[in-house]
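Here is the structure we will look at.
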2 protein chains.
Amino acid sequence: MYKAEITVTLRPSILDPQGKAAHHALGELGFQGIGQVRIGKLIELQIEADDATQAERIATEAADKLLANPVMEDYRIVIREASSV
Amino acid sequence: MYKAEITVTLRPSILDPQGKAAHHALGELGFQGIGQVRIGKLIELQIEADDATQAERIATEAADKLLANPVMEDYRIVIREASSV
């Protein structure tokens, strides 16, 4: 059993209204020195696979087909053995 | 300039309907061997701070006050120097 952490982030050229709202709210709360806020997704998958390579292949396919929008988003994947999590 | 990556995840005891929906959709697409899907947030902050300790203090305060819901969510913070990103 493996655990895949898929981090999906908006491409830098894409506006992030949720991040802008959080940035504004932090300013209202008195936070200083916060330059930019970007908000993405973290998707954790438990995957039954023979080895880490197969688990990464499944996670990559899931990201390409469903979890990330290839036009607006980038993703990166980290695979861990579930027993070590 | 530092970059804080704040990973916000639902506590294990909290139901994750968004994750359930993704799990169901992956099954419909023919994916096999995917045991559980949990979806959280990744918040990236750019922080002007004197050192990494101060940057982490600011990020922790932002998570506690605004970015995470302490009843339902856990968070973890990674601080990096922005030049190394």
Hydrophobic clustering (ILVMFWY, side-chain heavy atoms < 4.5 Å, transitive) - are A/L10 and A/V37 grouped together?
no
Atom pair CZ (B/R38) and CD1 (A/I43), whose distance is rounded to the nearest 0.5 Å
13.5 Å
Spacing of CD1 belonging to B/I34 relative to CD belonging to A/E48, to within rounding of 0.5 Å:
11.0 Å
Heavy-atom proximity to chain A below 4.5 Å, by part of B/E5
side chain
Do any of residues 61-73 of chain A come closer than 4.5 Å to chain B, heavy atom to heavy atom, and if so which ones, in number order?
A/E61, A/A62, A/K65, A/L66, A/L67
Between chain B and each of A/T7, A/L45, A/I47, count heavy-atom pairs under 4.5 Å; write down the option with the most.
A/L45
Option in A/Q46, A/Q32, A/M1 with maximal non-hydrogen atom pairs under 4.5 Å from chain B:
A/Q46
Against chain B, label A/L29 side chain, backbone, both or neither, depending on which of its atoms sit under 4.5 Å from a heavy atom there.
side chain
Gap between atom CG of A/L42 and atom NZ of B/K41 - 0.5 Å precision
12.0 Å
Residues in residues 14-28 of chain A near chain B [non-hydrogen atoms, under 4.5 Å]
A/A22, A/A25, A/L26
With the 4.5 Å side-chain cut-off for hydrophobic clustering, are B/I6 and A/V8 part of the same group?
no
